S.K.: 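My structure is below; once you've seen it, I'll send some questions.
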Amino acid sequence: MLTIDKLSAMEILDSRGRPTVLAHCALRGGATASASVPSGASTGTAEALEMRDRDPKRYHGLGCRKAVGHVNREIAHALCGKSFADQKALDQAMLELDGTANKSRLGANAILAVSIAFARATAQQRGVPLYQQFADILGQPLRTMPRLTINLFSGGKHAGKQVPIQDVLIVPASATTIDGSLVMMYDIYQAAAELTLERHGMRLLTADEGGLAPPFTSAAEMLSCAVDAIERAGYKPGTDAGIAVDVASSHFHQDGKYHIDGQALDSVAMISRLSEWVSKYPIISVEDGLFEDDWDHWPALRTALAGKVLVLGDDFLCTNPLRIARAIEAKACDALLLKVNQIGTLTESAQAYHMAKQAGWQVTISVRSGETEDNWAADLVVGWAGDQFKNGSITQSERLAKYNRLLDIEHQVKLPMIAWPNK
Ligand code: PGA
Ligand code: ZN
């Protein structure tokens, strides 16, 4: 049994300089740990509620003092001195305390900070690394290191909306280690920076996740420039390095149409546009190709693309077991983008993971556009054997905290990198 001695929280700042929640957890027996939670910008409407103070005089309303107060008072009062058999029991206690479907009473940011701080304290108490603790929470052994998907170019809500597509990511396909993946990515990032300078007269305009954000005139230009960068760096597109695309189409879907490249496409035309890109560029994954509630057309998207690329749901699924069950039933996609803070506890995230895997889907574990220097996501992707890891660019310390932790784990445990192609 694990008995909580002390729980507290405080407000810290994330990589956009906006407040977020950090929780401290002390267990009887002496283990103490803290954890901080990330925050999205391109959020799905079905996400659990991230509680903000809405006080316009402080951080434009984005303060997290209410969420912090919930940990310091109600959650601490309810949990301190109590014993829990495992993570599930702790998370269940918080879910019951909150009592809402989307954690809107206590805040998903408050609940998740405690959920992860408890996992970390438990790992310490047991004398195991955090990735092992995560594997034990999931109930499966350590298996593989993930394939990285690394942000190269950004648009949409993470940049100046100069192109509607949110992320074009590089997938180091022929790499067999994390180290090798980062070496390849460094070359491609530098090549892309040179191309940006030559073609747009700028180099250092980066977006929220560190991707380059030149003023591309179309989505196709963004994709073809990624191919050019791969070639310029001396790699073979499709063989050495593939491309993953986060279309994030909810954010340019309005009045029933997808507004892209000066056109207003209906869902069928949007699927054709995505199919064109898939046949023209070495794309291996298409995330949120349709908007989050286009349930009528997601099955057709899957039919058009499945087998060629991953049909990945982010805002579409929101790591929410109910939405995942519906998508499995409707054969609407074949891969889950798993973001723990979309749902708000480790236990529910594990449930989402198991549902996806049982349906034969792949799982990409992802961080958020607003991150902190906390590196638990790296332990999570190893512990849960995520097929891919989506962690932004190779610049900015909040991203490097996770890549460096993966390098450290790779140094400690000799796990094979997940196979390529991973079918
Ligand atoms: P977010 O975006 O963290 O800003 O929500 C990331 C993504 O859409 O994958
Ligand atoms: Zn996304």
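Only this structure's heavy atoms are used, side chains among them; waters, hydrogens and symmetry mates stay out. Counting starts at 1 for both ligands and their atoms, following the listed order. Bear in mind the structure is a predicted one, so any value in this text is a computation, not a measurement.
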S.K.: Backbone, side chain, both or neither: what part of K390 comes under 4.0 angstrom of ligand 1, heavy atoms only?
M.R.: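 Looking at K390 and ligand 1, just side chain atoms fall under 4.0 Å.
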S.K.: Mind checking whether D288 contacts ligand 1 via backbone (N, CA, C, O), side chain (CB onward), both or neither, at a 4.0 Å heavy-atom cut-off?
M.R.: neither
S.K.: Of all the N, O or S atoms in D246, which has the shortest distance to the Zn ion (ligand 2)?
M.R.: OD2
S.K.: Between E11 and R18 (salt bridge meaning N to carboxylate O under 4.0 Å), is one present in this structure?
M.R.: no
S.K.: Can you classify the ring geometry of F316 versus W298 as parallel (below 30°), tilted (30 to 60°) or perpendicular (above 60°)?
M.R.: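 F316 vs W298 ring planes: parallel.
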S.K.: Any N or O on A41 sitting closer than 3.5 Å to an N or O of ligand 1?
M.R.: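 Yes - when backbone and side-chain N and O of A41 are compared with those of ligand 1, one distance drops under 3.5 Å.
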S.K.: For D246, counting its heavy atoms only, list the atoms of ligand 1 lying under 4.0 Å from any of them.
M.R.: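 Ligand 1 atoms under the 4.0 Å threshold to D246: 7 (C), 8 (O), 9 (O).
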S.K.: Report the nearest protein non-hydrogen atom to atom 4 (O) of ligand 1: residue, atom name, distance rounded to 0.1 Å.
M.R.: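 Scanning the protein heavy atoms, the shortest distance from atom 4 (O) of ligand 1 goes to S369 OG, 2.5 Å.
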S.K.: Would you please classify the geometry between the Y403 ring and the F389 ring as parallel, tilted or perpendicular, with 30° and 60° separating the classes?
M.R.: perpendicular
S.K.: Answer yes when K103 and E348 have at least one side-chain N-carboxylate O distance shorter than 4.0 Å, and no when they do not.
M.R.: yes
S.K.: Is the closest N or O pair between H158 and ligand 1 shorter than 3.5 Å?
M.R.: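 Right, the criterion is met.
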S.K.: Between D91 and T347 (side chain of the first, backbone of the second, donor and acceptor by atom type, cut-off under 3.5 Å), is there such a pair?
M.R.: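 Checking the backbone N and O of T347 against the side chain of D91, a donor-acceptor pair under 3.5 Å is found.
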S.K.: May I ask you to check whether S366 has an N/O atom sitting below 3.5 Å from an N/O atom of ligand 1?
M.R.: no
S.K.: Mind checking whether S39 has an N or O less than 3.5 Å away from an N or O of ligand 1?
M.R.: no
S.K.: If you round to the nearest 0.5 Å, how far is CZ of R399 from CD of E371?
M.R.: 5.5 Å
S.K.: Enumerate the atoms of ligand 1 whose separation from the nearest heavy atom of E287 is less than 4.0 angstrom.
M.R.: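 In order of numbering, the contacting atoms are 9 (O).
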S.K.: Does any N or O atom in D314 lie less than 3.5 angstrom from one in ligand 1, N or O only?
M.R.: yes
S.K.: Could you tell me which atoms of ligand 1, counted from 1 in the order shown, lie closer than 4.0 angstrom to a heavy atom of R368?
M.R.: 1 (P), 3 (O), 5 (O)
S.K.: Between K390 and E287, does any side-chain N to carboxylate O distance fall below 4.0 Å?
M.R.: yes
S.K.: So, E398 and R16, do they make that salt bridge, N to O below 4.0 Å?
M.R.: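 Judged by the 4.0 Å cut-off on N to carboxylate O distance, E398 and R16 do not form a salt bridge.
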S.K.: Are Y258 and H253 an aromatic pair by the rule of ring centers under 6.0 Å?
M.R.: yes
S.K.: If we ignore hydrogens and angles and just use 3.5 Å, is the side chain of S250 paired with the main-chain N or O of E292 as donor and acceptor?
M.R.: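 Here the side-chain-to-backbone pair exists.
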S.K.: Where the Zn ion (ligand 2) is the centre, what is the OD2-to-OE2 angle for D314 and E287, rounded to 10°?
M.R.: 90°
S.K.: Atom 8 (O) of ligand 1: which protein heavy atom is closest, and how many Å away?
M.R.: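 Result: Q166 NE2, 2.8 Å.
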S.K.: Any idea which atoms of ligand 1 are less than 4.0 Å away from a heavy-atom of G40?
M.R.: 1 (P), 3 (O), 4 (O), 5 (O)
S.K.: Which of the listed options, R16, K339, K157, H251, holds the heavy atom that is closest to atom 6 (C) of ligand 1?
M.R.: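 Answer by nearest heavy atom: K339.
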